Amino acid sequence: MAPTLGNLALWLSLVFAGSQFYNTRKKNKLKIISISVIGLLISSLFSFFLLIYLYVISDFSVLNVFQNSHTTKPLFYKITAVWGNHEGSMLLWIIVLTIFNYFIFKLYNKKNFIFVSKTLEIQSFITLGFIVFTILTSNPFERMVPVQENGLGFNPILQDPALAIHPPLLYIGYVGFSAAFSISVATLVLKNGKNFPWYKYMKPFVMVAWTFLTIGIALGSLWAYYELGWGGWWFWDPVENASFMPWLLGTALLHSLIIVDKKQSLQAWVLLLSILAFLLSVVGTFLVRSGILTSVHAFALDPTRGIYILLFIAILGGYSLMLFSSKSKIYSTKNYFNFFSKEGSILVNNIIMVVACATVLLGTIYPLLMEALTGNKISIGEPYYNSTVVPIMLPAILIMGVGPILSWGKESVLEIAKKVSSVFIITLAMTIIIFSIYKSYTFLGIAGIVLAFWIIFNNLTTLYRNKFNNLTGMVVAHLGVGFLMLGITASSIWQVEEIIKMKLKSETEINKYQIFFNEINEIKGSNYLSLRGDFLVYDKGKNIIAKLKPENRFYPVTGNFTSEASIHTNLFRDLYIVLGEGNINEGWTVRLYYNPLVVWIWIGAFTIFLGGVISINKSLKRMPK
Amino acid sequence: MLNNIFKVIISILLIQINMSNCNAVEPDEILNDPKQELRARKISKNIRCMVCQNQSIDDSNSSIARDFRILIRSKIQEGSEDKEIYKFLVERYGDFVLLKPPLKSNTVALWFLPFIFLVIGILVILNHNKKSN
């Protein structure tokens, strides 16, 4: 019953999306449009909740539930398993689309009927594309016979709170750019957009998308940090790149929106960026969902999904970019920018973000293109990005440290020097202090630390001086970038690693901490069994600082082994311990990491998120009424 | 009863089986000379684990990665230079084994395009400002 209903609701949302497309195109009455919009929202939400319900009651007559769930799974992970797989995540993508669709609909007022209708028309076209895709190639309500007694479970490494809420946050990001895309295309189609404040409508959507993309990416890397077990948190994995590319363009986009709002220039640039940001989000989905990343050959085995998304990208991209090239002329204004001004620094940073994004895209698809075209296989990993993207981004951070303190228009060097002299001295002092503690110097390390402190103290003083005002969101977000830089730099240049075989009741040392291997126990968890080591951490004064309990888990349902790192965190460092293989006679392999200041990466990301939330609020207030 | 047998089997599994999930470099692989070990780690970070997705042999727990690490260390102990080790690996396993692709005719675009992107970006800005002067 429920699966049939779910399927029906999905088809119904297809009908509503179609009718929204038709009625907005024909510029029919608001009442008729509202029926489609609200019908679409309710039917897609209904089908989504039905899928959740099917997971909760473990209805294994549904193929998707059978493949991805199991009766022994905790309720929370039964629910999050809904979007932990391809079909369910497409349904999630659709409901986020329809929610944004609804918010675009809410923009209607007496003056903007034509503009909002056009935007809704584009948005419903995108929605239609994804609903058709889901129904044709990835229907989560597909049944199976015979009904199985239990499901196949799913990868225990994904059973984790951070990873469970990571996809919805990421999707709010990706899909949020769909609204910016629709607004951009609508503006290009309606040639009168020049005197219409379309950018004021676009800004909240971009802010929401970017803010949630930020926190989504941060949670993903936090998960990688504590789950993958070697203290790393970013791997330049194609899946990570897929989310990083729209983030880079989104960053450029929201900064240029400030200039458009202030000076009405750069309109064409913003229209282009918003189109590209969404296209890249869809490209990211294609990369992740088509299977093409594992191998071009794997993709060739079952190409339906990939080819559909590729076609859809071709239609969206072809149409929007051609529209842009033919209609954008009236939006390009010529404005002289002094480089030593707020808008100058934003412009330069925009270019850097776009170049960095293009480079990430190049590194991600180059091996695929090469294998498809020549059959040769190459690998592009962290070392490539470290020697291309990182040096490209560094000047951007430098400019970011200066840009916000410059004023619009022109700035005298002397004025600036006066403003920042005290921050300059504090930065210098802090850098000397921290390097006298850690005593390890590299060029990138020094640059990173100096920039981090520079940004942190600049924004702290601004925050202190201005109290709460219009710029608070920006200042808080930039402060977050400073924290992030501090965490990234410190943990990558000063990490200490220790890999040893430890017997029970033996002791080792890492960076002035004594680690004592106290005992090892077998534990029975809710749907796993585990071997857990108990380690005591002492400082120099023989005081117990922490008890660390790394685990090796076995999940009988899927036959997976996972390793759970145990981490003791404070503001200065993480102690990170992983239990490896071994036995009672020879001892166990133990991996210890001393990660200085690593927690600031996530404090930073959260601070950026907070700044984003404050700015969303501000941009909502500035919407034309 | 069944449950108990199951438990026993599992506990045997837990203790006996290679429970490696994230166990990259093992203590028995580590060389006594810290300088040589550092070299080995540096090389390992640039070598792809052939059976993994986007992992270096330094990060990977697969047995093939372990074999590679041991091979690199024995080469270092035999007195091979870093260059010779890379060359040895590439001859056997192709460019696929390198995480940082070498500059060749088929990777020219990969290495120079970022630079060209940057130049284009700078030109766009300069052009934008010249137009308006």
Side-chain angles (χ1 to χ4, degrees), chain A residues 157 228-230 232 235-238 293-294 334-337 339 347-348 351-352 354-356 358-359 362-363 366-367 370 374 376-384 386-389 392 499-501 522 524 529-531 552 554 556 560-563 565 578-581 583-584 589-591, chain B residues 6-7 9-11 13-30 41 45-50 53-56 58-59 61 94-102 104 106-107 109-111 113-122 124-125 128-133:
Chain A
I157 206 173
L228 297 185
W230 62 92
F235 306 98
W236 296 103
D237 190 84
L293 288 176
T294 23
K334 289 163 189 172
N335 257 45
Y336 177 74
F337 286 164
F339 285 117
L347 196 65
V348 173
I351 297 291
I352 294 177
V354 175
V355 170
T359 306
L362 184 71
Y366 203 90
M370 182 129 143
T374 67
N376 291 333
K377 289 179 86 169
I378 58 163
S379 309
I380 296 177
E382 205 177 324
Y384 172 78
N386 282 345
S387 50
T388 53
V389 180
I392 290 172
I499 304 168
I500 49 158
K501 211 88 179 170
E522 279 170 45
K524 196 174 177 329
L529 290 144
S530 111
L531 195 64
N552 277 324
F554 175 68
N560 288 69
F561 289 98
T562 73
S563 178
V578 183
L579 188 63
E581 58 190 84
N583 57 48
I584 198 85
T589 300
V590 174
R591 242 160 265 274
Chain B
F6 181 66
K7 253 177 138 176
I9 293 172
I10 294 303
S11 59
L13 273 175
L14 276 174
I15 310 274
Q16 296 291 325
I17 277 191
N18 268 358
M19 297 227 356
S20 48
N21 175 61
C22 55
N23 302 336
V25 181
E26 285 294 316
D28 58 1
E29 297 169 15
I30 295 173
R41 295 297 297 269
K45 286 196 165 77
N46 289 320
I47 299 296
R48 183 193 183 118
C49 160
M50 308 278 282
Q53 252 208 69
N54 192 44
Q55 259 189 340
S56 72
D58 195 57
D59 292 336
N61 60 313
D95 289 341
F96 187 62
V97 83
L98 301 174
L99 280 170
K100 189 174 178 173
K104 280 184 171 181
N106 59 10
T107 55
L110 180 70
W111 282 108
L113 273 178
F115 183 70
I116 293 169
F117 293 150
L118 201 62
V119 172
I120 293 173
I122 293 168
V124 165
I125 293 190
H128 177 94
N129 267 4
K130 207 163 70 188
K131 255 191 209 165
S132 38
N133 255 341

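As the structure is a computational prediction, the values presented were derived from the model and not from experiment. Below, each value reflects all heavy atoms present in this structure, side chains not excepted, and no hydrogens, waters or symmetry copies.
Residues Trp236(A) and Val389(A) meet the side-chain proximity criterion, which asks for heavy atoms closer than 4.5 Å.
Looking at Asn386(A), there are no atoms closer than 4.5 Å to chain B (heavy atoms on both sides), in backbone or side chain. Of the two parts of Leu98(B), only the backbone, made up of N, CA, C and O, holds a non-hydrogen atom closer than 4.5 Å to a non-hydrogen atom of chain A. Residue Thr374(A) does not touch chain B at all, counting heavy-atom pairs closer than 4.5 Å. Heavy atoms closer than 4.5 Å to chain B are found in the backbone of Ile500(A), but not in its side chain. Interface residue Val348(A): backbone and side-chain heavy atoms are both found under 4.5 Å from chain B.
The main-chain N or O of Val25(B) is found under 3.5 Å from a side-chain atom of Arg591(A) such that the two form a donor-acceptor pair.
Atom CG of Leu99(B) and atom CD1 of Ile47(B) lie 7.5 Å apart (nearest 0.5 Å). The structure places CE of Met370(A) at 7.0 Å from CG of Asp95(B), a figure rounded to the nearest 0.5 Å. Between the CZ atom in Phe96(B) and the CE atom in Met50(B) there is a gap of 6.0 Å [rounded to 0.5 Å].
Ring geometry for Tyr384(A) against Trp111(B) counts as perpendicular: the plane angle is over 60°, on a 0 to 90° scale with 30° as the lower cut.
Residue with the most contacts toward chain B among Pro238(A), Gly381(A), Ser379(A): Ser379(A) (heavy-atom pairs, distance under 4.5 Å). Ranked by heavy-atom pairs under 4.5 Å with chain A, the list Val97(B), Ile120(B), Thr107(B), Val124(B) is led by Thr107(B). Options Thr359(A), Leu347(A), Val590(A) differ in how many heavy-atom pairs under 4.5 Å they form with chain B, and the most are formed by Thr359(A).
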